[in-house]
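So you know, we letter chains A, B, ... as the sequences are listed, proteins then strands, and number each from 1. Hydrogens, waters and symmetry mates are skipped; everything else that's a heavy atom, side chains included, is used.
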Amino acid sequence: MNLRKYITLTRAGMMESLHFRTSAFVTILGNMIYLVIIYYLWKAIYASTGTGIVNGMTFEATMIYLVLATALFYFMEMYLVWNMGRDIQSGGIVLKLIRPMSFKKYMFFSCSGSFVMSFFMTFVPTALIVYFVTNGAIYLGSNLLFFIISVIFGLLINFYVDFFVGTICLYTESVWGINIMKEVVVLLLSGASIPLAFFPESLRNVVMVLPFQAIYNTPLNLLIRHNLNNFDRITMIGIQLFWVVILSIITSLFWKKAVRQITVNGG
Amino acid sequence: MNKKGLRFYMRIYKKILAQDLKSKLSYRADFVISSIGMIFTNISAFITLWILFQNFPTVMGWNYHEMLFLYGFSLIALTPVQCFFDNNWSLRYYVFSGDFIKYCFRPINIFFYYISEVFDIKGVGQFLFGIGTLIYSWQKLEMGMSVLIFIKLIFALVTASLFMVALMNVAAATCFWLMGTGYIMVTAFKFKDYAKYPITIFNTVFRFVFTFIIPIAFIAYYPSLVFLRPDEIPILTWISPLIGVLFFYISYKIWMKGAISYDGTGS
């Protein structure tokens, strides 16, 4: 495998995302307002309970979880379904299909540049702020290593889910509806909007056997939770790896089947 | 230019609307999928609320059914911006490509003509879901119904709908002066998701912000007080129709200022 061609794509993506600074600023501003709202919402919720701990989570732990989940969400957001959908509708996809690398790899490495940038521009600053504001509620140790591995797996799972949904667009040629369904399902079932600890038992059991919780929930738990031993951590990463492999196979098979569907009107 | 009567505009609106619906009907699958996507969003927000109240009986004195009322109310109040003002989302493409110039040459109001060109049918799904939620919570809260209350409800909903329309008009109009303003639209549109929370959870600073600067508190909270807390209706609820019209008027003026100063791309 010739790595150079992939790294070129990563670099191009990094430069591209540096170009859109105003948009990054507006997005961060919108995010801060979002964080303000969830801060007050959960503060009100905790104030109404009288006890400081709900489902084993303190207010502080819930906030750390939600803030970092939001940061992870923005870091992993790649608008892949949109981009694939636009390519399918415009016919521009043919130019990408004839490249000397598989379409899936091409898409992944084109997105990878913005991952690198947003990891350092949004996630790392957020994590640092959380670290200093909470006086070290995130402890620094071997968990960081597990966290990094887990983030990469989470990223891959997220990518495969997006790619799978983007492939569906080959059949439907409708993007908005498909994309919003995916977004809603992932946000809810991954525990990004409410920590999974708050889910009712039965619902949580269902969620735990789905791949979505491995996107944000696993890396965050590895980073935040103190009471995990190495066996737990390796199991959690093993489950992620399982999903990476399964989803990689499924998306490849589905793509191979679906790509025959493409109809491009002239061009 | 603005001197033509209301009846003239109604007649034109009907004609433009018919054209748009005809073209939409040729993409039936897209319509179905988009509507399902819309319902997905609403169901997910509903589940989120449900999960929260599984853990906490009340939030700041607001119980589950009252929160559902706010949510249902906000969904209905957000229908007009979804159905009638959806073309704002395309404004930046028209402005960027130069196609916007065609609207400047019509002998009718530019804002009216531009906005009336698209009717977004998928908002209807949200509307029905909102009505269902409102009726359900209304019954659970055992509130009475009379002709007077019904008139009040309609009036409150119409008033509430003005705020989000105004917000989106301003967000869309930014594209007359800035490039790549999709992010501003996305960020502004996200505010609607926070409309369903009672404003009392915030501290004074953010109460002020969400009342007078980003007026999302008027989308559900202030008008709902008429029904949920009839004994303690604040002055802001009474004057909210005036504020709504004012916000709408300002947004319209900003939009028109951009449109009139638009000088095309020369093509």
Side-chain angles (χ1 to χ4, degrees), chain A residues 19-34 36-50 54-55 57 79 82 89 168-169 171-189 191 193-201 203-204, chain B residues 27-45 47-62 89 120 122 171 174 178-191 193-194 197-203 205-207 209-210 214 216:
Chain A
H19 190 75
F20 296 103
R21 274 167 305 223
T22 355
S23 66
F25 177 73
V26 173
T27 311
I28 289 172
L29 195 74
N31 251 335
M32 299 226 289
I33 295 173
Y34 168 73
V36 164
I37 287 170
I38 59 172
Y39 171 80
Y40 282 108
L41 178 66
W42 285 91
K43 209 170 115 168
I45 288 172
Y46 269 89
S48 315
T49 58
V54 181
N55 289 320
M57 285 181 87
Y79 304 104
W82 276 117
Q89 281 173 342
I168 298 175
C169 294
Y171 292 95
T172 62
E173 300 199 358
S174 152
V175 183
W176 190 91
I178 299 278
N179 187 55
I180 198 98
M181 277 187 239
K182 181 222 83 179
E183 237 167 58
V184 161
V185 169
V186 171
L187 264 183
L188 181 67
L189 299 186
S193 45
I194 304 181
L196 292 181
F198 291 94
F199 280 45
E201 185 80 37
L203 190 59
R204 188 165 60 233
Chain B
Y27 299 99
R28 219 160 291 185
D30 186 59
F31 162 64
V32 172
I33 293 170
S34 302
S35 302
I36 298 174
M38 202 76 186
I39 302 270
F40 256 66
T41 336
N42 300 331
I43 291 178
S44 137
I47 295 177
T48 309
L49 209 62
W50 179 77
I51 292 176
L52 276 184
F53 278 91
Q54 291 298 100
N55 295 287
F56 313 98
T58 60
V59 173
M60 287 263 172
W62 295 77
W89 284 92
D120 186 37
K122 61 180 180 288
T174 52
L178 300 167
M179 296 278 274
T181 53
Y183 292 90
I184 298 179
M185 297 278 305
V186 172
T187 305
F189 199 56
K190 245 203 188 125
F191 290 135
D193 298 337
Y194 315 137
Y197 301 122
I199 189 102
T200 42
I201 65 172
F202 300 109
N203 70 6
V205 176
F206 287 102
R207 271 186 216 182
V209 169
F210 294 131
I214 310 167
I216 52 172

(request) Could you pull out all residues at least two apart from B/Asp120 that satisfy salt bridge (charged side-chain N to carboxylate O under 4.0 Å, His left out)? (result)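 Scan of B/Asp120 (salt bridge (charged side-chain N to carboxylate O under 4.0 Å, His left out), adjacent residues dropped) gives B/Lys122.
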Quick check for you: to the nearest 0.5 Å, what is the distance between [X] atom [atom1] and [Y] atom [atom2]?
X       : Y        : atom1 : atom2 : answer
A/Ile37 : B/Ile216 : CD1   : CD1   : 4.5 Å
A/Ile38 : B/Tyr194 : CD1   : OH    : 8.5 Å
B/Ile51 : A/Ser193 : CD1   : OG    : 7.5 Å
A/Lys43 : B/Met60  : NZ    : CE    : 8.0 Å

(request) Determine the option with the most heavy-atom pairs under 4.5 angstrom with chain B, choosing from A/Tyr46, A/Tyr34, A/Phe198, A/Phe199. (result) A/Phe198
(message) I need the residue from B/Val32, B/Thr58, B/Asn55, B/Ile43 with the largest number of non-hydrogen atom pairs under 4.5 Å to chain A.
(response)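 Highest number of heavy-atom pairs under 4.5 Å: B/Asn55.
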(request) Give the member of B/Gly61, B/Ser44, B/Ala45 that has the highest number of heavy-atom pairs under 4.5 Å with chain A. (result) B/Ser44
Could you pull out the closest heavy-atom pair between [X] and [Y], with the gap in Å?
X        : Y        : result
B/Asn203 : A/Tyr40  : ND2-OH, 2.5 Å
A/Trp176 : B/Ser34  : CZ3-O, 3.6 Å
A/Met181 : B/Gly37  : CG-CA, 3.6 Å
B/Leu52  : A/Trp42  : CD2-CH2, 3.5 Å
B/Thr41  : A/Ile180 : OG1-CG1, 3.9 Å

Sort [X] into side chain, backbone, both or neither according to what part of it lies under 4.5 angstrom from a heavy atom of chain A.
X        : answer
B/Phe191 : side chain
B/Phe202 : both
B/Ile47  : side chain

Could you tell me which portion of [X] (side chain, backbone, both or neither) has an atom closer than 4.5 angstrom to a non-hydrogen atom of chain B?
X        : result
A/Leu188 : side chain
A/Tyr39  : neither
A/Ile194 : side chain

